[in-house]
Amino acid sequence: MSAPVGQASLPAEQPKKIRLATVWLDGCSGCHMSLLDTDERLIELAKRVTVVWGPLVDLKEFPAEVDVTLVEGAISSEEDLHRIKMVRARTKLLVSLGDCAVTGNVPAMRNKFGASAVLRRAYLENVTLDPQIPREIVPTLLPAVRPVHEAVPVDLFIPGCPPSADLIFSVLSDLLEGKVSNPAAKFG
Amino acid sequence: MLTYLGSPQLPSDDKRWKIVEATARRHGREPNALIETLHTVQEAFGYLDDIALKFVAMTLRVPLSLVYGAATFYHYFTLKPKGKHTCVVCTGTACYIKGAAGLLAAIEKTYGVKPGETTPDDQLSVLTARCLGSCGLAPAVVMDGAVLGKVGPEQMLARIEKGIRHDH
Amino acid sequence: MTIEELRKIAETEREAEKRYQHRVCVCTAAGCLSSGGDHVLDAIRKEVAESGMKNEVLVKGVGCMGLCSAGPLVSVETEGKMFANVTPEEAPDVVGSLDTGAGGPQECPTNVPFFERQKKIVLENCGKIDPERIEDYIAHDGYLALVHTIAERSPQEVIQEIIRSGLRGRGGAGYPTGLKWSTVAKTGEQEKFVICNADEGDPGAFMDRAVLESDPHRVLEGMAIAAYAVGAQKGFLYVRAEYPLAVKNLKTAIRQADRLGLLGNSICGSRFSFHVDIRLGAGAFVCGEETALIASIEGKRGTPRPRPPYPAESGLWDSPTLINNVETFANVAPILRNGAAWFAGIGTEKSKGTKVFALAGRVTNTGLIEVPMGITLREVVNEIGGGIPDGKKCKAVQTGGPSGGCIPEKHMDLPVDYESLKSIGSMMGSGGMIVMDETSCMVDVAKYFMEFCMSESCGKCIPCRAGTQQMHGILARITAGEGTPADLALLEELCDLVRNTSLCGLGQGAPTPVLTTMQYFRGEYDAHVAGECPAGVCAGVHRGGEEVAK
Amino acid sequence: MTKSTVRVKTLTIDGREVGAREDQTILDVARENDIFIPTLCDLPGLSTVGACRLCLIELKGSPRLLPACVTRVAEGMEVIANSERLDRYRHGILELLFAERNHVCSVCVVNGHCDLQSLALKLGMTHVHFPYQYPSLPVDASHERFVVDHNRCILCTRCVRVCDEIEGAHTWDVMARGVECRVITDLAQPWGKSESCTGCGKCVQVCPTGALSEKGKSVAEMSKRRQFLPYLTLMREGRK
């Protein structure tokens with residue numbers, strides 16, 4: 001189910017910039033906020049990494065040959081599953097960022113009831129005007145929400161809801177130095 | 001609260017409570033008689049309801065939660081009344097190797113009940129037994145107390161149907 | 001009761017039997033009972049009465065004769081004949097055969113390996129005596145050992161004799177019985193208990209049931225001798241409520257022994273008193289574990305507690321308690337009667353005596369057998385068991401129940417003893433022996449046992465409670481055709497975790513069926529992951545590309 | 001001068017030589033000497049049950065791992081309380097606990113004050129590699145002051161023991177068996193309907209997780225108050 005940690009390694013030569021991607025699946029974007037909370041240290045990071053994909057990167061397709069991808073959010077829909085498989089295939093080192101990616105967290109609370117019960121509640125029972133379950137354009141929900149490592153092998157885990165900016169920065173700094181170590185961090 | 005001391009009143013004038021009390025008395029109303037007394041209740045009433053559990057708790061001076069915990073720990077005890085007929089499918093190893101799962105599937109398909117359940121019309125309860133000790137007759141089924149050995153799904157279903165129809 | 005009085009009862013009983021020209025025994029133990037043994041008994045009794053032979057023919061309801069697959073069985077002791085699959089309608093044929101020497105119903109040859117390869121100590125009276133009559137037991141040397149012991153031996157001498165015999169616990173783990181007794185004896189002068197563990201819970205095992213139903217006094221005698229040896233005054237028989245016939249026969253036996261002064265106060269006029277009570281189990285496999293069994297007798301949830309302290313030091317109501325299982329106690333009287341050297345002469349170096357097995361599954365002769373330790377599995381399956389029916393091949397033999405393992409065909413020449421079975425990852429267990437042929441899927445078998453352990457887990461400790469659930473989930477995925485190679489690694493990891501960290505034997509043993517099937521039938525696991533169930537058992541997994549319907 | 005009747009034993013834990021009274025457990029001694037052994041079901045002042053298996057240690061000469069909370073010290077014992085193997089098992093057990101029910105730290109009342117959560121942090125658990133089971137479990141808020149959320153219960157039975165041993169009410173116990181186990185009040189009725197509950201709240205305070213909590217507390221607002229327990233136990237001993 002899970003991959004042995006630390007299998008992947010980063011290129012050692014310094015001059016070349018690390019190709020970093022961030023992915024936002026089923027989560028609240030709080031982990032991305034926390035990444036932005038690294039504030040002025042972002043400038044330092046920017047000297048050493050190229051952000052090749054992310055919520056604010058205007059590209060049509062997830063690029064090939066990404067060094068590090070941070071994944072926020074759990075796997076909730078068919079689309080999430082499709083995307084994470086594609087991301088995994090194009091990424092050397094995949095990082096689960098935050099509790100939703102690591103444990104399923106809040107999105108996975110629906111597993112107790114099942115997807116259809118939750119859809120019924122949200123779109124039929126609690127709606128007064130034209131109640132209907134949306135079926136077009138929006139991706140189909142999976143029967144159960146799963147953490148990322150239950151769908152694809154994950155190399156590194158950063159728990160927290162959200163993980164603190166300091167923690168994210170220290171993990172990224174370690175990675176830039178070629179070190180892969182699972183950080184001690186609390187869930188929640 | 002002296003009213004709680006001494007032995008509690010019988011829940012009703014149903015004579016079966018006297019049998020229950022006799023078991024408790026025979027064991028000196030000691031807490032360790034809990035399981036023996038629950039056996040007597042189940043034998044007399046067929047199942048254990050809240051009234052019975054409370055009575056046993058008070059009689060033997062065993063906390064309510066402990067009585068409930070024990071009653072639900074042991075699978076021999078049931079807290080729900082059984083149907084008019086019971087069909088026990090043995091799921092011992094020998095019976096499993098020889099097709100007990102197929103028998104259960106056939107029952108579920110025909111009557112829509114899984115082990116431990118009773119049909120909505122209260123006609124049939126389906127149970128499983130860990131081992132009836134009749135491994136020589138595997139797979140074995142007990143329909144209303146009668147053992148059917150080396151039985152196939154059709155034969156078993158016919159016997160169940162016969163048992164249920166017999167009443168009507 | 002003196003030795004003379006006991007001998008007199010035996011003599012009178014034997015004389016009474018001798019007066020009959022013919023003795024017909026009908027098996028009414030659970031196995032034959034479920035195929036109508038009681039009706040056969042009634043029919044034969046009626047036939048004898050109607051043909052005016054009441055004074056020539058003795059008709060006895062007896063216990064298990066062993067060959068359950070051919071039941072109901074009727075044996076004519078006086079002529080050494082046995083009839084198989086007897087129906088009530090055949091009663092006249094049985095009775096007719098007595099005087100005329102006519103053929104009678106389908107005869108069951110007794111000069112075959114099934115009977116000849118066995119060695120009966122524990123089962124020596126089973127199928128011969130009427131379990132509801134103490135006199136019949138006494139006529140077969142019953143209670144001789146107890147009366148002699150009380151009159152002539154010190155408790156220390158009894159323990160020494162048991163130690164010298166090499167008897168080991170028949171409940172599964174094989175702890176030396178004499179050593180256990182001496183630990184309890186050494187705890188000094190205080191209240192002590194003797195418990196007989198008759199909560200036979202392994203699916204596919206019915207050895208204890210047969211002994212309790214067919215020869216209950218033997219167990220009581222063993223318990224009384226043990227109580228004398230360790231200094232206990234009170235005993236409990238913890239029997240499954242699912243064994244109503246055993247409970248009934250035991251109750252009768254206790255009453256009879258009480259009446260004759262073989263149990264109760266001042267047994268045989270000595271200072272030794274021993275009272276036995278029955279406690280009913282209520283359907284919890286874990287209560288076979290000593291400390292859980294004790295909790296259950298105390299009227300609580302049957303959850304085990306960590307050992308030490310062992311029950312021998314602190315058991316029932318914190319008093320020193322000796323717990324042995326039915327078969328262990330059943331061996332005691334013959335050992336004291338015949339001597340430790342006699343017993344130690346049977347079996348192998350480290351495993352003495354015999355072992356009773358419930359032989360079942362894909363084998364021609366199913367039933368109850370007793371064999372000397374050291375016999376090979378192949379002899380048991382092919383000779384006693386008569387091989388595999390329908391021209392199929394033997395694939396594995398499962399011993400030790402849910403805590404035991406699946407032994408592959410290639411290890412069938414292994415001798416049956418505690419150490420050998422352990423050396424290949426299985427265990428002796430209490431005596432279930434299930435034969436499997438090529439139509440059995442080993443992954444499915446592993447799932448079956450895991451389902452058993454999961455629903456029998458008491459829930460107290462986490463590894464057993466949640467670990468068995470996880471393992472069952474993985475096995476269910478694999479047998480549903482959704483398994484991955486990573487699942488197999490996870491399964492192995494869980495086996496290691498649950499085996500080493502669980503509180504009691506249930507959890508510690510739960511991974512064994514998985515571990516042995518993974519060790520010996522790894523190919524089947526790999527095949528399932530690749531989408532094929534070689535035995536064609538698992539629905540959802542393809543066989544040779546075609547969907548196999550369950 | 002009176003001669004002390006309690007004998008002293010010498011043993012080693014993780015290579016360190018330590019002295020102990022003969023009536024102490026390995027866990028007692030380890031705690032006195034600041035040697036870390038993880039626990040969850042154990043709580044000083046309550047009886048020990050050896051159920052959570054986190055305190056398993058290796059003992060030289062013993063083929064089995066032993067729970068430190070119930071194993072008494074003996075002369076010359078060589079205890080290994082921390083090793084790669086024990087670490088692996090402790091991780092495994094902890095992960096089984098997290099996967100068994102629905103622990104969602106981020107929305108839990110005791111976030112930041114939870115024994116289970118802090119142990120995961122202390123042992124460096126970064127994720128659960130066993131599949132989550134997601135059972136469907138109820139929340140009972142029928143009591144006027146307290147809530148029981150079975151999604152967060154780890155069945156350590158601290159509540160059962162404190163209610164029985166200290167309060168003397170035995171309102172709590174465990175029903176069913178295996179994965180079906182659940183803590184119950186009286187005949188598994190809603191807590192608010194319990195006749196025997198005195199409302200003392202000791203169960204809430206000893207609960208290691210957010211399974212038992214006070215009403216009106218939001219995420220991370222509930223912390224547990226346990227100083228009464230050693231106090232009550234001590235005072236009881238004084239009365240004996």
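Order of the sequence lines sets the chain letters (A, B, ...), proteins ahead of strands, with each chain counted from 1. Since the structure is predicted, the reported quantities are computational estimates derived from the model, not experimental observations.
- Contact record, A:Val106 with D:Val104: N-CG1, 4.1 Å, taken as the closest heavy-atom pair.
- In this structure, chain D has a heavy atom under 4.5 Å from the backbone of A:Val145, while its side chain stays farther away.
- Taking all atoms of both residues into account, the shortest heavy-atom contact from A:Lys112 to D:Asn151 is NZ-ND2, 3.2 Å.
- Within the model, atoms CG of D:Leu116 and CZ of A:Phe187 stand 9.5 Å from one another, a figure rounded to the nearest 0.5 Å.
- Crowding of D:Glu32 atom CD: a count of heavy atoms from other residues, nucleotides or ligands under 6.0 Å exceeding 12.
- In terms of modelled atom types and a separation under 3.5 Å, the side chain of D:Gln117 and the main chain of A:Lys186 share no donor-acceptor contact.
- For D:Val128, the part lying under 4.5 angstrom from a heavy atom of chain A is the backbone only.
- Residue D:Gln227 qualifies as enclosed at atom CD: its count of foreign heavy atoms under 6.0 Å is above 12.
- Other residues, nucleotides and ligands contribute more than 12 heavy atoms inside 6.0 Å of the CZ atom of D:Phe36.
- Considering all non-hydrogen atoms of both residues, D:Tyr132 and A:Val102 come closest at OH-O, 4.4 Å.
- Comparing D:Leu123, D:Val219, D:Asn111 by heavy-atom pairs within less than 4.5 Å of chain A, the highest count is held by D:Asn111.
- Around the CZ atom of D:Arg88, the shell of radius 6.0 Å holds more than 12 heavy atoms that belong to other residues, nucleotides or ligands.
- The number of heavy atoms from other shown groups lying within 6.0 Å of NZ (D:Lys217) is above 12.
- Relative ring orientation between A:Phe157 and D:His127 is described as parallel, the plane-to-plane angle staying below 30° on a 0-90° scale split at 30° and 60°.
- Closest of all the heavy-atom pairs between A:Asn105 and D:Ser106 is OD1-OG, 2.7 Å.
- Applying the 6.0 Å contact sphere to CZ of D:Arg85 captures more than 12 heavy atoms from other residues, nucleotides or ligands.
- Residue A:Ala144: no heavy atom, backbone or side chain, is found under 4.5 Å from chain D.
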Could you walk me through whether A:Thr103 and D:His103 pass side chain to side chain contact (heavy atoms under 4.5 Å, CB included), step by step?
-> CA-CA 9 Å; A:Thr103 74; D:His103 297 278; over 6 Å; no

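- The neighbour count for D:Lys215 NZ, taken as heavy atoms of other residues, nucleotides or ligands under 6.0 Å away, is above 12.
- A distance of 10.0 Å separates OG1 in D:Thr126 from CD1 in A:Ile158, rounded to the nearest 0.5 Å.
- By the neighbour-count criterion of 12 heavy atoms within 6.0 Å, atom CD of A:Glu125 is densely surrounded, having more than that number from other residues, nucleotides or ligands.
- With rounding to the nearest 0.5 Å, the separation of OH in D:Tyr134 from CE in A:Met109 is 11.0 Å.
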